[in-house]
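A short worksheet on the structure shown next.
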Amino acid sequence: MAALSAWFWNERFWLPQNVTWADLADTESGEQYPQAGHILCALPVALGIFAVRLLFERFIAKPCAIRVGIQSSGPRRAQPNAILEKVFVSITKCPDGKRLEGLSKQLDWDARKIQRWFRHRRNQDKPSTLTKFCESMWRFTFYLYIFCYGIRFLWSTTWFWDTRQCWYNYPYQPLTSGLYYYYIKELAFYWSLMFSQFTDIKRKDFLIMFIHHLATVGLISFSYVNNMVRVGTLVMCLHDASDFLLEAAKLTNYAKFQRLCDSFFMFFALVFVTTRLIIFPLWILNTTMFESWDLIGPYPSWWLFNGLLLVLQILHIVWSYLILRIAYKALVRGKVLKDDRSDVESSSEEEDTTLNGTKAIHNNGANRVNGHATSSSQWAEE
(Lines give C-alpha, C1' and ligand atoms only; values in the text may rest on other atoms or scores of the structure.)
Protein backbone atom coordinates (compact mmCIF):
# COMPACT_ATOMS: atom_id res chain seq x y z
CA MET A 1 0.00 0.00 0.00
CA ALA A 2 2.87 2.35 0.75
CA ALA A 3 4.36 1.68 -2.69
CA LEU A 4 0.98 2.20 -4.34
CA SER A 5 0.44 5.45 -2.46
CA ALA A 6 3.92 6.70 -3.41
CA TRP A 7 3.25 5.87 -7.06
CA PHE A 8 -0.16 7.60 -7.08
CA TRP A 9 1.04 10.76 -5.31
CA ASN A 10 4.17 11.06 -7.42
CA GLU A 11 5.29 14.69 -7.14
CA ARG A 12 6.60 14.76 -10.69
CA PHE A 13 3.10 14.12 -11.96
CA TRP A 14 1.07 16.36 -9.68
CA LEU A 15 3.36 19.35 -9.17
CA PRO A 16 5.54 21.66 -11.27
CA GLN A 17 9.30 21.20 -11.43
CA ASN A 18 11.22 21.65 -8.16
CA VAL A 19 8.04 21.60 -6.02
CA THR A 20 7.35 18.88 -3.43
CA TRP A 21 4.42 18.00 -1.19
CA ALA A 22 6.49 19.13 1.77
CA ASP A 23 6.59 22.63 0.28
CA LEU A 24 2.76 22.72 0.42
CA ALA A 25 2.44 21.62 4.03
CA ASP A 26 0.83 24.03 6.50
CA THR A 27 3.31 26.69 7.59
CA GLU A 28 4.09 27.96 11.08
CA SER A 29 2.73 31.37 10.12
CA GLY A 30 -0.74 29.84 9.70
CA GLU A 31 -0.87 29.62 5.93
CA GLN A 32 -2.73 26.56 4.68
CA TYR A 33 -2.73 24.84 1.30
CA PRO A 34 -5.23 22.34 -0.13
CA GLN A 35 -4.69 18.82 1.18
CA ALA A 36 -6.13 15.59 -0.22
CA GLY A 37 -7.66 14.79 3.18
CA HIS A 38 -9.87 17.88 2.96
CA ILE A 39 -11.91 16.17 0.23
CA LEU A 40 -13.21 13.60 2.73
CA CYS A 41 -14.95 16.40 4.61
CA ALA A 42 -17.36 16.68 1.68
CA LEU A 43 -18.87 13.24 2.41
CA PRO A 44 -20.62 14.08 5.72
CA VAL A 45 -21.65 17.43 4.23
CA ALA A 46 -23.18 15.53 1.29
CA LEU A 47 -25.24 13.42 3.70
CA GLY A 48 -26.34 16.62 5.42
CA ILE A 49 -27.38 18.15 2.09
CA PHE A 50 -29.35 15.00 1.28
CA ALA A 51 -31.16 15.23 4.64
CA VAL A 52 -31.94 18.91 4.06
CA ARG A 53 -33.29 18.02 0.65
CA LEU A 54 -35.75 15.49 2.12
CA LEU A 55 -37.04 18.10 4.57
CA PHE A 56 -37.19 20.77 1.86
CA GLU A 57 -39.19 18.60 -0.53
CA ARG A 58 -41.66 17.59 2.18
CA PHE A 59 -42.28 20.88 3.97
CA ILE A 60 -41.58 23.51 1.30
CA ALA A 61 -41.71 22.06 -2.22
CA LYS A 62 -44.80 19.89 -1.74
CA PRO A 63 -47.00 22.71 -0.36
CA CYS A 64 -45.82 24.95 -3.21
CA ALA A 65 -46.75 22.25 -5.76
CA ILE A 66 -50.22 21.83 -4.29
CA ARG A 67 -50.67 25.59 -4.22
CA VAL A 68 -50.08 25.87 -7.98
CA GLY A 69 -52.63 23.12 -8.64
CA ILE A 70 -50.50 19.98 -8.93
CA GLN A 71 -52.42 16.98 -7.62
CA SER A 72 -50.85 14.69 -5.05
CA SER A 73 -52.52 11.57 -6.46
CA GLY A 74 -50.35 9.24 -8.53
CA PRO A 75 -51.16 7.33 -11.73
CA ARG A 76 -54.16 4.99 -11.86
CA ARG A 77 -53.37 1.57 -10.38
CA ALA A 78 -53.86 -1.58 -12.42
CA GLN A 79 -56.42 -4.18 -11.39
CA PRO A 80 -54.70 -6.97 -9.40
CA ASN A 81 -54.07 -10.01 -11.60
CA ALA A 82 -51.52 -12.69 -10.72
CA ILE A 83 -51.05 -14.02 -14.25
CA LEU A 84 -50.49 -10.61 -15.88
CA GLU A 85 -48.29 -9.51 -12.98
CA LYS A 86 -46.05 -12.54 -13.49
CA VAL A 87 -45.75 -11.76 -17.21
CA PHE A 88 -45.03 -8.09 -16.46
CA VAL A 89 -42.30 -8.84 -13.89
CA SER A 90 -40.66 -11.89 -15.47
CA ILE A 91 -41.18 -11.69 -19.24
CA THR A 92 -42.14 -8.35 -20.77
CA LYS A 93 -43.71 -5.02 -19.93
CA CYS A 94 -44.95 -4.52 -23.50
CA PRO A 95 -46.38 -7.80 -24.85
CA ASP A 96 -46.52 -8.29 -28.61
CA GLY A 97 -49.56 -9.40 -30.58
CA LYS A 98 -48.85 -13.12 -30.26
CA ARG A 99 -48.50 -12.96 -26.49
CA LEU A 100 -51.59 -10.76 -26.22
CA GLU A 101 -53.58 -13.37 -28.12
CA GLY A 102 -52.39 -16.13 -25.75
CA LEU A 103 -53.19 -14.08 -22.64
CA SER A 104 -56.58 -13.19 -24.08
CA LYS A 105 -57.49 -16.87 -24.41
CA GLN A 106 -56.08 -17.72 -20.99
CA LEU A 107 -57.94 -14.96 -19.13
CA ASP A 108 -60.96 -14.65 -21.40
CA TRP A 109 -60.21 -10.95 -21.77
CA ASP A 110 -60.14 -9.04 -25.02
CA ALA A 111 -56.73 -7.83 -26.21
CA ARG A 112 -57.64 -4.18 -25.72
CA LYS A 113 -58.36 -4.73 -22.03
CA ILE A 114 -55.01 -6.50 -21.58
CA GLN A 115 -53.19 -3.66 -23.34
CA ARG A 116 -54.86 -1.18 -21.02
CA TRP A 117 -53.85 -3.27 -17.98
CA PHE A 118 -50.18 -3.26 -19.04
CA ARG A 119 -50.34 0.47 -19.70
CA HIS A 120 -51.73 1.17 -16.24
CA ARG A 121 -49.22 -1.22 -14.68
CA ARG A 122 -46.30 0.57 -16.36
CA ASN A 123 -47.53 3.94 -15.14
CA GLN A 124 -48.09 2.53 -11.66
CA ASP A 125 -44.32 2.38 -11.07
CA LYS A 126 -43.70 5.83 -12.47
CA PRO A 127 -43.50 9.02 -10.39
CA SER A 128 -46.25 11.58 -10.18
CA THR A 129 -45.91 15.15 -11.37
CA LEU A 130 -45.81 16.17 -7.72
CA THR A 131 -42.67 14.09 -7.14
CA LYS A 132 -40.96 15.54 -10.20
CA PHE A 133 -41.93 19.08 -9.19
CA CYS A 134 -40.44 18.64 -5.72
CA GLU A 135 -37.18 17.27 -7.15
CA SER A 136 -36.83 20.13 -9.62
CA MET A 137 -37.67 22.74 -6.99
CA TRP A 138 -34.87 21.45 -4.76
CA ARG A 139 -32.38 21.56 -7.61
CA PHE A 140 -33.55 25.01 -8.67
CA THR A 141 -33.10 26.31 -5.11
CA PHE A 142 -29.61 24.89 -4.65
CA TYR A 143 -28.36 25.84 -8.12
CA LEU A 144 -29.59 29.41 -7.63
CA TYR A 145 -28.03 29.58 -4.15
CA ILE A 146 -24.63 28.21 -5.18
CA PHE A 147 -24.49 30.46 -8.26
CA CYS A 148 -25.25 33.57 -6.16
CA TYR A 149 -22.74 32.42 -3.54
CA GLY A 150 -20.09 31.95 -6.23
CA ILE A 151 -20.67 35.35 -7.80
CA ARG A 152 -20.61 37.04 -4.39
CA PHE A 153 -17.36 35.30 -3.47
CA LEU A 154 -15.59 35.78 -6.81
CA TRP A 155 -16.59 39.44 -7.12
CA SER A 156 -14.02 40.39 -4.47
CA THR A 157 -11.19 38.22 -5.81
CA THR A 158 -8.39 39.39 -8.06
CA TRP A 159 -8.53 36.40 -10.44
CA PHE A 160 -12.15 37.06 -11.35
CA TRP A 161 -11.04 40.29 -13.05
CA ASP A 162 -7.58 39.17 -14.17
CA THR A 163 -7.27 35.45 -14.88
CA ARG A 164 -3.47 35.64 -14.90
CA GLN A 165 -3.76 35.94 -11.12
CA CYS A 166 -4.68 32.24 -11.13
CA TRP A 167 -1.04 31.43 -11.92
CA TYR A 168 1.08 34.08 -10.22
CA ASN A 169 3.18 32.40 -7.51
CA TYR A 170 1.56 29.05 -8.30
CA PRO A 171 1.36 26.63 -6.49
CA TYR A 172 2.22 28.68 -3.40
CA GLN A 173 -1.25 30.20 -3.17
CA PRO A 174 -2.71 29.93 0.35
CA LEU A 175 -6.14 28.39 0.80
CA THR A 176 -8.65 30.93 2.14
CA SER A 177 -11.78 29.96 4.04
CA GLY A 178 -13.95 31.27 1.18
CA LEU A 179 -12.21 29.02 -1.35
CA TYR A 180 -12.46 26.03 0.98
CA TYR A 181 -16.19 26.42 1.68
CA TYR A 182 -17.00 27.02 -1.98
CA TYR A 183 -15.21 23.84 -3.03
CA ILE A 184 -16.67 21.71 -0.24
CA LYS A 185 -20.23 22.86 -1.01
CA GLU A 186 -19.91 22.12 -4.71
CA LEU A 187 -18.21 18.77 -4.12
CA ALA A 188 -20.72 17.75 -1.45
CA PHE A 189 -23.67 18.62 -3.68
CA TYR A 190 -22.44 16.41 -6.50
CA TRP A 191 -21.75 13.62 -4.03
CA SER A 192 -25.35 13.99 -2.83
CA LEU A 193 -26.58 13.81 -6.44
CA MET A 194 -24.73 10.52 -6.85
CA PHE A 195 -26.39 9.19 -3.68
CA SER A 196 -29.85 10.42 -4.59
CA GLN A 197 -29.75 9.04 -8.14
CA PHE A 198 -30.73 5.69 -6.65
CA THR A 199 -33.82 7.16 -4.98
CA ASP A 200 -34.74 9.87 -7.51
CA ILE A 201 -36.93 9.55 -10.59
CA LYS A 202 -35.43 6.84 -12.80
CA ARG A 203 -34.53 8.32 -16.16
CA LYS A 204 -33.29 6.82 -19.40
CA ASP A 205 -29.89 8.49 -19.05
CA PHE A 206 -29.29 7.18 -15.51
CA LEU A 207 -25.89 5.71 -16.38
CA ILE A 208 -24.79 8.76 -18.39
CA MET A 209 -25.72 11.14 -15.58
CA PHE A 210 -24.03 8.91 -13.00
CA ILE A 211 -20.82 9.01 -15.05
CA HIS A 212 -21.26 12.78 -15.43
CA HIS A 213 -21.55 13.28 -11.66
CA LEU A 214 -18.58 10.96 -11.08
CA ALA A 215 -16.48 12.89 -13.62
CA THR A 216 -17.50 16.19 -12.02
CA VAL A 217 -16.47 14.94 -8.58
CA GLY A 218 -13.19 13.74 -10.07
CA LEU A 219 -12.44 17.03 -11.83
CA ILE A 220 -13.28 19.14 -8.75
CA SER A 221 -11.15 16.87 -6.54
CA PHE A 222 -8.29 16.87 -9.05
CA SER A 223 -8.15 20.67 -9.26
CA TYR A 224 -8.28 20.93 -5.47
CA VAL A 225 -5.44 18.48 -4.80
CA ASN A 226 -2.96 20.24 -7.10
CA ASN A 227 -4.13 23.69 -5.91
CA MET A 228 -5.73 24.86 -9.15
CA VAL A 229 -8.60 26.11 -7.00
CA ARG A 230 -8.61 29.66 -8.36
CA VAL A 231 -9.36 28.65 -11.93
CA GLY A 232 -11.55 25.86 -10.52
CA THR A 233 -13.89 28.39 -8.92
CA LEU A 234 -14.25 30.15 -12.28
CA VAL A 235 -15.18 26.88 -13.98
CA MET A 236 -17.73 25.97 -11.31
CA CYS A 237 -19.40 29.38 -11.30
CA LEU A 238 -19.61 29.47 -15.09
CA HIS A 239 -21.32 26.07 -15.19
CA ASP A 240 -23.78 27.04 -12.45
CA ALA A 241 -24.99 30.05 -14.45
CA SER A 242 -27.53 28.14 -16.55
CA ASP A 243 -28.54 25.14 -14.42
CA PHE A 244 -31.17 26.91 -12.32
CA LEU A 245 -32.85 28.26 -15.48
CA LEU A 246 -33.42 24.75 -16.80
CA GLU A 247 -34.95 23.70 -13.48
CA ALA A 248 -37.17 26.80 -13.57
CA ALA A 249 -38.39 25.76 -17.03
CA LYS A 250 -39.20 22.27 -15.74
CA LEU A 251 -41.06 23.69 -12.73
CA THR A 252 -43.28 25.85 -14.90
CA ASN A 253 -43.82 22.93 -17.26
CA TYR A 254 -45.07 20.72 -14.42
CA ALA A 255 -47.32 23.58 -13.27
CA LYS A 256 -48.59 23.89 -16.89
CA PHE A 257 -47.55 27.51 -17.33
CA GLN A 258 -46.64 26.95 -20.97
CA ARG A 259 -45.59 30.45 -22.03
CA LEU A 260 -43.48 30.95 -18.92
CA CYS A 261 -41.96 27.52 -19.43
CA ASP A 262 -40.97 28.29 -23.02
CA SER A 263 -39.55 31.68 -21.97
CA PHE A 264 -37.39 30.10 -19.27
CA PHE A 265 -36.17 27.44 -21.67
CA MET A 266 -35.25 30.00 -24.34
CA PHE A 267 -33.38 32.05 -21.74
CA PHE A 268 -31.65 28.89 -20.52
CA ALA A 269 -30.60 28.03 -24.09
CA LEU A 270 -29.20 31.55 -24.59
CA VAL A 271 -27.23 31.51 -21.34
CA PHE A 272 -26.01 27.93 -21.89
CA VAL A 273 -24.69 28.60 -25.38
CA THR A 274 -23.13 31.92 -24.36
CA THR A 275 -21.34 30.54 -21.29
CA ARG A 276 -20.28 27.18 -22.74
CA LEU A 277 -19.40 28.07 -26.34
CA ILE A 278 -18.14 31.65 -25.98
CA ILE A 279 -17.08 32.50 -22.42
CA PHE A 280 -15.66 29.08 -21.52
CA PRO A 281 -13.15 28.83 -24.40
CA LEU A 282 -12.27 32.55 -24.45
CA TRP A 283 -11.98 32.94 -20.68
CA ILE A 284 -11.29 29.53 -19.11
CA LEU A 285 -9.42 27.61 -21.80
CA ASN A 286 -7.41 30.70 -22.68
CA THR A 287 -6.05 30.99 -19.15
CA THR A 288 -5.54 27.26 -18.48
CA MET A 289 -3.80 26.59 -21.79
CA PHE A 290 -1.99 29.80 -22.77
CA GLU A 291 -1.61 32.10 -19.78
CA SER A 292 -0.56 29.21 -17.53
CA TRP A 293 1.91 28.02 -20.19
CA ASP A 294 3.60 31.42 -20.14
CA LEU A 295 3.67 31.74 -16.34
CA ILE A 296 4.31 28.23 -14.97
CA GLY A 297 4.90 25.99 -18.00
CA PRO A 298 3.44 22.54 -18.64
CA TYR A 299 3.88 19.44 -16.48
CA PRO A 300 2.06 16.04 -16.47
CA SER A 301 -1.03 16.95 -14.41
CA TRP A 302 -1.28 20.23 -16.36
CA TRP A 303 -1.72 18.20 -19.55
CA LEU A 304 -4.34 16.00 -17.94
CA PHE A 305 -6.25 18.96 -16.52
CA ASN A 306 -6.41 20.72 -19.87
CA GLY A 307 -7.26 17.47 -21.62
CA LEU A 308 -10.28 17.04 -19.35
CA LEU A 309 -11.36 20.62 -19.99
CA LEU A 310 -11.12 20.04 -23.76
CA VAL A 311 -13.29 16.93 -23.43
CA LEU A 312 -15.74 19.04 -21.47
CA GLN A 313 -15.75 21.60 -24.29
CA ILE A 314 -16.62 18.87 -26.80
CA LEU A 315 -19.55 17.89 -24.59
CA HIS A 316 -20.60 21.55 -24.47
CA ILE A 317 -20.79 21.58 -28.27
CA VAL A 318 -22.89 18.40 -28.37
CA TRP A 319 -25.26 19.59 -25.65
CA SER A 320 -25.60 23.02 -27.24
CA TYR A 321 -26.61 21.42 -30.53
CA LEU A 322 -29.29 19.33 -28.81
CA ILE A 323 -30.59 22.31 -26.82
CA LEU A 324 -30.71 24.59 -29.87
CA ARG A 325 -32.55 21.91 -31.84
CA ILE A 326 -35.23 21.68 -29.15
CA ALA A 327 -35.42 25.48 -28.87
CA TYR A 328 -35.84 25.79 -32.65
CA LYS A 329 -38.67 23.28 -32.67
CA ALA A 330 -40.28 25.08 -29.75
CA LEU A 331 -40.19 28.36 -31.67
CA VAL A 332 -41.51 26.84 -34.89
CA ARG A 333 -44.15 24.54 -33.45
CA GLY A 334 -44.94 26.25 -30.17
CA LYS A 335 -44.68 23.01 -28.21
CA VAL A 336 -44.37 22.84 -24.45
CA LEU A 337 -41.01 21.79 -22.98
CA LYS A 338 -40.69 18.11 -22.13
CA ASP A 339 -37.90 16.46 -20.13
CA ASP A 340 -37.35 13.59 -22.54
CA ARG A 341 -34.92 11.94 -20.14
CA SER A 342 -37.85 10.90 -17.94
CA ASP A 343 -39.52 7.59 -18.54
CA VAL A 344 -42.89 9.26 -18.10
CA GLU A 345 -44.00 12.81 -18.70
CA SER A 346 -47.71 12.24 -19.03
CA SER A 347 -50.40 10.62 -16.95
CA SER A 348 -51.99 7.33 -17.84
CA GLU A 349 -54.96 9.22 -19.21
CA GLU A 350 -52.66 11.12 -21.59
CA GLU A 351 -51.17 7.83 -22.78
CA ASP A 352 -54.68 6.57 -23.44
CA THR A 353 -55.29 9.64 -25.56
CA THR A 354 -52.12 9.04 -27.58
CA LEU A 355 -52.72 5.34 -28.12
CA ASN A 356 -56.38 5.77 -29.02
CA GLY A 357 -55.30 7.76 -32.07
CA THR A 358 -56.62 11.02 -33.36
CA LYS A 359 -60.21 10.46 -32.31
CA ALA A 360 -59.73 11.75 -28.77
CA ILE A 361 -57.66 14.67 -30.03
CA HIS A 362 -60.30 15.87 -32.43
CA ASN A 363 -62.98 15.48 -29.78
CA ASN A 364 -61.15 17.64 -27.28
CA GLY A 365 -60.58 21.20 -28.44
CA ALA A 366 -58.96 22.18 -25.16
CA ASN A 367 -56.11 19.75 -25.73
CA ARG A 368 -55.42 21.31 -29.11
CA VAL A 369 -55.28 24.76 -27.55
CA ASN A 370 -53.00 24.21 -24.57
CA GLY A 371 -50.81 21.65 -26.32
CA HIS A 372 -50.06 19.63 -23.19
CA ALA A 373 -51.78 16.37 -24.06
CA THR A 374 -51.47 16.41 -27.83
CA SER A 375 -47.77 17.27 -27.90
CA SER A 376 -46.58 14.69 -25.36
CA SER A 377 -45.51 12.07 -27.86
CA GLN A 378 -43.75 14.53 -30.16
CA TRP A 379 -41.75 16.08 -27.30
CA ALA A 380 -40.86 12.64 -25.96
CA GLU A 381 -39.36 11.83 -29.36
CA GLU A 382 -37.43 15.12 -29.37
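Both backbone and side-chain heavy atoms feed into the values below; hydrogens, waters and symmetry mates do not.
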Query raised in the report: Under the side-chain contact (heavy atoms from CB on, under 4.5 Å) criterion, do Arg259 and Thr252 qualify, and how do the steps go?
Result: CA-CA 9 Å; Arg259 291 185 178 179; Thr252 51; over 6 Å; no
Quick one: do the [X] and [Y] side chains pair a donor with an acceptor below 3.5 Å?
| X | Y | value |
| --- | --- | --- |
| Thr287 | Trp167 | yes |
| Tyr145 | Lys185 | yes |
| His38 | Tyr224 | yes |
| Glu291 | Thr163 | yes |

Kindly indicate whether the side chain of [X], heavy atoms from C-beta on, has any atom under 4.5 Å from the side chain of [Y].
| X | Y | result |
| --- | --- | --- |
| Val19 | Glu11 | no |
| Phe133 | Met137 | yes |
| Leu107 | Lys113 | no |
| Glu57 | Glu135 | yes |
| Ile151 | Phe147 | yes |
| Phe56 | Phe142 | no |

Report task. Dump the intermediate steps for side-chain contact (heavy atoms from CB on, under 4.5 Å) on Asp26 and Gln35, then the final yes or no. Result -> CA-CA 9 Å; Asp26 297 343; Gln35 306 294 329; 4.0 Å; yes
Taking atom [atom1] of [X] as the centre, does the number of heavy atoms from other residues, nucleotides or ligands within less than 6.0 Å exceed 12?
| X | atom1 | answer |
| --- | --- | --- |
| Tyr172 | OH | yes |
| Phe13 | CZ | yes |
| Arg12 | CZ | yes |
| Tyr168 | OH | yes |
| Phe50 | CZ | yes |

Query raised in the report: Which pairs with one or both residues in residues 81-99 pass side-chain hydrogen bond (donor to acceptor under 3.5 Å, both in side chains), sequence neighbours excluded?
Result: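 For residues 81-99, and leaving out neighbouring residues, the side-chain hydrogen bond (donor to acceptor under 3.5 Å, both in side chains) pairs sorted by first residue read Glu85-Arg121.
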Query - Verdict with reasoning, Leu277 to Gln313, per side-chain contact (heavy atoms from CB on, under 4.5 Å) - result: CA-CA 8 Å; Leu277 298 189; Gln313 181 60 29; 3.8 Å; yes
Query raised in the report: Looking at residues at least two apart in the chain, or sitting in another chain, which of them share a side-chain contact (heavy atoms from CB on, under 4.5 Å) with Thr157?
Result: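 For Thr157, the residues satisfying side-chain contact (heavy atoms from CB on, under 4.5 Å) (neighbours in sequence not counted) are Phe153, Leu154, Trp159, Phe160.
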How close do [X] and [Y] get, counting heavy atoms only, and between which atoms?
| X | Y | value |
| --- | --- | --- |
| Ala46 | Ala188 | CB-O, 3.2 Å |
| Ser301 | Trp14 | OG-O, 3.0 Å |
| Leu251 | Ser136 | CD2-CB, 3.8 Å |
| Pro171 | Leu24 | O-CD2, 3.7 Å |

Query raised in the report: Would you call Glu247 and Lys250 a salt bridge, using N to O less than 4.0 angstrom?
Result: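 Salt bridge flag = yes for Lys250 with Glu247.
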**Report entry** Sole candidate of Leu175, Asn227, Asp23 that passes side-chain contact (heavy atoms from CB on, under 4.5 Å) when paired with Tyr33
**Finding:**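 One option only clears the test, and that one is Asn227.
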Query raised in the report: Looking at CH2 of Trp302 and CG of Leu15, how far apart are the two atoms once the value is rounded to the nearest 0.5 Å?
Result: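 Between Trp302 CH2 and Leu15 CG, I get 16.0 Å after rounding to 0.5 Å.
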Query raised in the report: Is the gap between the ring centers of Trp155 and Trp161 under 6.0 Å?
Result: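 Aromatic pair counts; centres sit under 6.0 Å.
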Query raised in the report: Can we call the ring centroids of Phe268 and Phe244 under 6.0 Å apart?
Result: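 Between Phe268 and Phe244, the centre distance exceeds or equals 6.0 Å.
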**Report entry** side-chain contact (heavy atoms from CB on, under 4.5 Å) between Tyr183 and Ser223, intermediate numbers included
**Finding:** CA-CA 10 Å; Tyr183 253 79; Ser223 64; 2.8 Å; yes
Requested in this report: With side chain to side chain donor-acceptor pair (under 3.5 Å) as the test, would you mind laying out the steps for Arg276 and Ser320 before giving the verdict?
Outcome: CA-CA 8 Å; Arg276 310 295 176 95; Ser320 296; over 6 Å; no
Query raised in the report: Cluster question for you: counting only ILVMFWY and a side-chain heavy-atom cut-off of under 4.5 Å, with indirect links fine, are Ile314 and Ile211 together?
Result: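 The answer is no; the residues belong to distinct hydrophobic clusters.
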